[in-house]
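Predicted, not measured: the structure shown is a model, and the values here were computed from it. Numbers here are sequence positions counted from 1.
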Amino acid sequence: MGNFSPTSTGRPLALLLAGALVGGLISVTTAGAATAAELTGDFDTTAPGTTPAGWSTDGTGGDATAQDVPGTVDRSLRLRDNSTSAPITASTTFGTTSSTVVAGFRLRAAQTSATIGVHLDSSGGHSVTVAMGSDGRMYTYDAARRVDLGAYAADRWYDIRVVAHPSSETADVWVDGLRKARNLAFRTSTSALGSIQAGVSTSTTGTAWLDDVRTTTESAPQGWPRLGSVAPRTAQQIGTSQLIIGAETLDRDYTDYQAYAPYLGRLGATSARIQGGWAKTEKTKGVYDWTWLDRIVDDAHRQGVKPWIQLSYGNGAYTGGGGSGLGGHLPSSPEALAAWDAWVTAMVKRYKNRVTEWEIWNEPNLAGIPVADYTDFFIRTATRVRAEQPKAVVYGQEAGIDVPYAEDFLAGLAGKGKTGLLGGFSYHPYNANPDDAWTYGQVEKLRALINQYAPGAVVRQGENGAPSTPGSFGALGELDWTELSQSKWFLRRVLNDLGRDISTSVFGISDMHYPWGKTNTKGLLQTNTDKSIRYAKPSYYAVQTVASVFDSTVKPLPGYRWSAAPSTSLNVQGFANRTTGRQIVGVWTGATKPSESTARTSTDLTLTAGDFRDPVYVDVRTGAVHDIPAANWTVKGTTYTFKDIPVYDSPVLIADRSTIKF
């Protein structure tokens, strides 16, 4: 569990719902609106010097072949143009569709003096373009008007996402997790898209690299006008919320903060869980090097993300210094305990103006630490935290939801008169089905115990996630996962928690690489073996939408009253704007682990204490916002009835339009 959680040794497997694997790309034709296909393609298995199967090249100005990227262990599609009178292009089809197309790819230029473009095409030509210009600027188009996307650098990968809507002939563009342009009019009018083309222009020479080309088609409710998509907001723009992002394992260098830092604030989570790293800070007895942690804490603060630091893991510099990784035991020798005390005091003194929440040790019950020992250690550490920072919030913690362990811990604190040290208690519930009723039954038992022994302390979901690949390493790794099912899992866990007024952590921001050759694919960002970022997974954008909608202006409505026909296994969570009372209601099916289908069923939903003036429909996973036609809803007093609402095993929202930012 926890920092031990999964990943895989390979790259994400594609979900083949239709179509075929062709070299570096999976091409899919989606029939009707029932199913979207998760596609992930790279060129790693294509022989160097050959054109990937499924791709065609055009132009006499150069060549387009798979090649190893200089200075990396990666293989990508290289487009090399050595002529100023002829272009070179490479293209592939994904099947003509009028549904929304979500396209992702990585693009890199070897220089800033050539013009390089990637296009979503119809039979009539280029409809959406993202380009790197010969002036060193990246750009797109709004109809015929060029739209600047900022400067780009040579020999640097850019993570590009395009969401194109043939129904409205508009598109949105993201670069490195940041939405740079929205509601762009298609360059070429079309009601259907069918292919991707990349190329270097006729008049310039240069080299471009293309990789991780992915396409997904997404259906929309028939006849429901598309209003736009939820506007992502940065952590600075949001201010405060109950959404935490997991930034663990930096203390053991399983991730690289500098690599994922550009994505951190853009996600929208307003706090991050970080492990303090005694062994990394004090490599020589009595000598602290805070450089690595200063950089992280300061940069996170600059981005509007408040660190929440775990005081955990031992230090091998001391005999009896305790374990320095997952499952590690507490420091035990007098020398090591004195050194621990000194490090905790120095840590809190250094960061008390930037950090107000601290957590003591990681998953002591998983490590087999007797509860009496953990209780004494908690008291010892929390006393030193409070001595330096009297108003600090200090959390106890456990793996899973171990009610007996928690009860013995709380009773132990009470017996020693130390419950006043406890500000909260966090748990790590890894379930294949994030709606599992047992989980929340146990959470209520934890809450009852907290209220009994330490009134005013809170219960927090401190670490939880699902892999994006099958055969992953650690918790839930024995099950099959894709980037689609991972996205659904995160959304269901977060909406379940927020609906119960539980502060909730998404574990984690980046895939993690363990020193024994395993990779933890629970990250929202896919990584290379050197821990650099390949691209933001669909789950990143899904969590970005949650962060934008559910900020501190929104409150949960416990016990929200509803009924549905047909009577399916729905999960419904109610929320309201704190000022206006206008509501947001999350709805999804939650009987099993998230599936690999996006097929919807029509459901009639009655909300008996509703408050809507202008209800809209939001698919949280995609961010798409649609008007709910007048024919599909009625109101009588406070009872709202919504007809034929498309629901599936990923949350959708019925929300008053005033609560959604476009």
Side-chain angles (χ1 to χ4, degrees), residues 230 241-243 429 433-448 458-459 461 488 490-504 545-591 600-621 625 628 632-660:
V230 175
S241 71
Q242 293 220 74
L243 186 63
N433 177 8
D435 298 276
D436 181 66
W438 180 88
T439 297
Y440 291 102
Q442 298 302 102
V443 170
E444 289 310 306
K445 292 178 182 179
L446 280 182
R447 278 181 154 166
V458 299
V459 172
Q461 189 279 96
K488 293 177 177 181
F490 273 125
L491 294 179
R492 284 164 55 175
R493 170 61 77 220
V494 169
L495 265 291
N496 266 317
D497 288 349
L498 295 181
R500 293 170 169 85
D501 200 22
I502 301 169
S503 179
T504 184
T545 296
V546 169
S548 180
V549 174
F550 295 96
D551 61 14
S552 60
T553 67
V554 175
K555 66 179 181 180
L557 299 175
Y560 193 75
R561 291 177 291 158
W562 60 276
S563 61
S567 181
T568 56
S569 56
L570 286 186
N571 194 322
V572 176
Q573 297 291 341
F575 305 85
N577 181 276
R578 294 182 186 274
T579 301
T580 68
R582 301 297 185 190
Q583 292 181 359
I584 306 167
V585 178
V587 186
W588 65 95
T589 58
R600 274 80 162 171
T601 57
S602 292
T603 300
D604 295 343
L605 190 66
T606 298
L607 311 177
T608 55
D611 192 343
F612 306 89
R613 182 175 61 185
D614 182 7
V616 298
Y617 173 91
V618 182
D619 187 328
V620 186
R621 184 177 59 82
V625 184
I628 301 177
N632 288 83
W633 67 282
T634 59
V635 57
K636 185 175 182 180
T638 62
T639 298
Y640 289 76
T641 300
F642 295 91
K643 298 285 188 181
D644 296 325
I645 300 297
V647 298
Y648 67 128
D649 63 342
S650 186
V652 300
L653 307 178
I654 297 172
D656 191 79
R657 185 167 177 166
S658 65
T659 65
I660 303 299

TODO: Just grab all the salt bridge (charged side-chain N to carboxylate O under 4.0 Å, His left out) pairs involving residues 569-582, residues at least two apart or on different chains.
DONE: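 Only Arg582-Asp611 qualify under salt bridge (charged side-chain N to carboxylate O under 4.0 Å, His left out).
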- [ ] Test Thr553 against Thr579 for side chain to side chain contact (heavy atoms under 4.5 Å, CB included), laying out the working first.
- [x] CA-CA 8 Å; Thr553 67; Thr579 301; over 6 Å; no
Which pair of heavy atoms, one from [X] and one from [Y], lies closest together, and at what distance?
X: Leu495; Y: Val546; value: CD2-CG2, 4.0 Å
X: Ala655; Y: Thr659; value: CB-OG1, 3.7 Å
X: Gly581; Y: Ala576; value: O-CB, 3.7 Å
X: Ala591; Y: Ser569; value: CB-OG, 3.4 Å
X: Ser548; Y: Val230; value: OG-CG1, 3.8 Å
X: Gln583; Y: Ala609; value: NE2-O, 2.9 Å

Task: Passing option when Arg492 is tested against Asn433, Asn571, Thr589 for side-chain hydrogen bond (donor to acceptor under 3.5 Å, both in side chains) - done: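 Answer after filtering Asn433, Asn571, Thr589: Asn433.
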Open item on the list: My understanding is that only one of Leu491, Val625, Ile660, Val620 makes a side chain to side chain contact (heavy atoms under 4.5 Å, CB included) with Thr545; could you say which?
Closed with: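 Single side chain to side chain contact (heavy atoms under 4.5 Å, CB included) partner of Thr545 among Leu491, Val625, Ile660, Val620: Val620.
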Open item on the list: Run the salt bridge (Lys or Arg N to Asp or Glu O under 4.0 Å) test on Asp619 and Arg600 for me, step by step, so that the C-alpha distance in whole Å, both residues' side-chain angles and the decisive distance to 0.1 Å come before the verdict.
Closed with: CA-CA 11 Å; Asp619 187 328; Arg600 274 80 162 171; 2.3 Å; yes
With side chains defined as the heavy atoms from C-beta onward, is the minimum distance between [X] and [Y] less than 4.5 Å?
X: Gln573; Y: Trp588; answer: yes
X: Tyr440; Y: Asp497; answer: yes
X: Trp633; Y: Ile645; answer: no
X: Leu570; Y: Trp562; answer: yes
X: Ile502; Y: Arg447; answer: yes
X: Leu243; Y: Thr504; answer: yes
X: Arg613; Y: Arg657; answer: no
X: Leu605; Y: Val587; answer: yes

Measuring from atom [atom1] of [X] to atom [atom2] of [Y], what distance do you get when rounded to the nearest 0.5 angstrom?
X: Asn577; Y: Lys555; atom1: CG; atom2: NZ; answer: 9.0 Å
X: Arg493; Y: Thr439; atom1: CZ; atom2: OG1; answer: 5.5 Å
X: Leu653; Y: Phe575; atom1: CG; atom2: CZ; answer: 8.5 Å

Open item on the list: Run the ring-ring contact (aromatic ring centres under 6.0 Å, His included) test against Phe612 and tell me which residues pass, sequence neighbours left out.
Closed with: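 Listed in chain order: Tyr640, Phe642.
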Open item on the list: Strictly distance-based, threshold 3.5 Å: is any side-chain N or O of Asp604 a donor or acceptor partner for the main-chain N or O of Asp644?
Closed with: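 Such a contact is found between Asp604 side chain and Asp644 backbone.
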TODO: For the pair Asp551 (side chain) and Ser241 (backbone), establish whether a donor and an acceptor sit closer than 3.5 Å, ignoring hydrogens and angles.
DONE: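 Not a single qualifying donor-acceptor pair exists.
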Open item on the list: Which residues pass the side chain to side chain donor-acceptor pair (under 3.5 Å) test with Thr634, not counting sequence neighbours?
Closed with: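 By the side chain to side chain donor-acceptor pair (under 3.5 Å) rule, Thr634 matches no residue at all.
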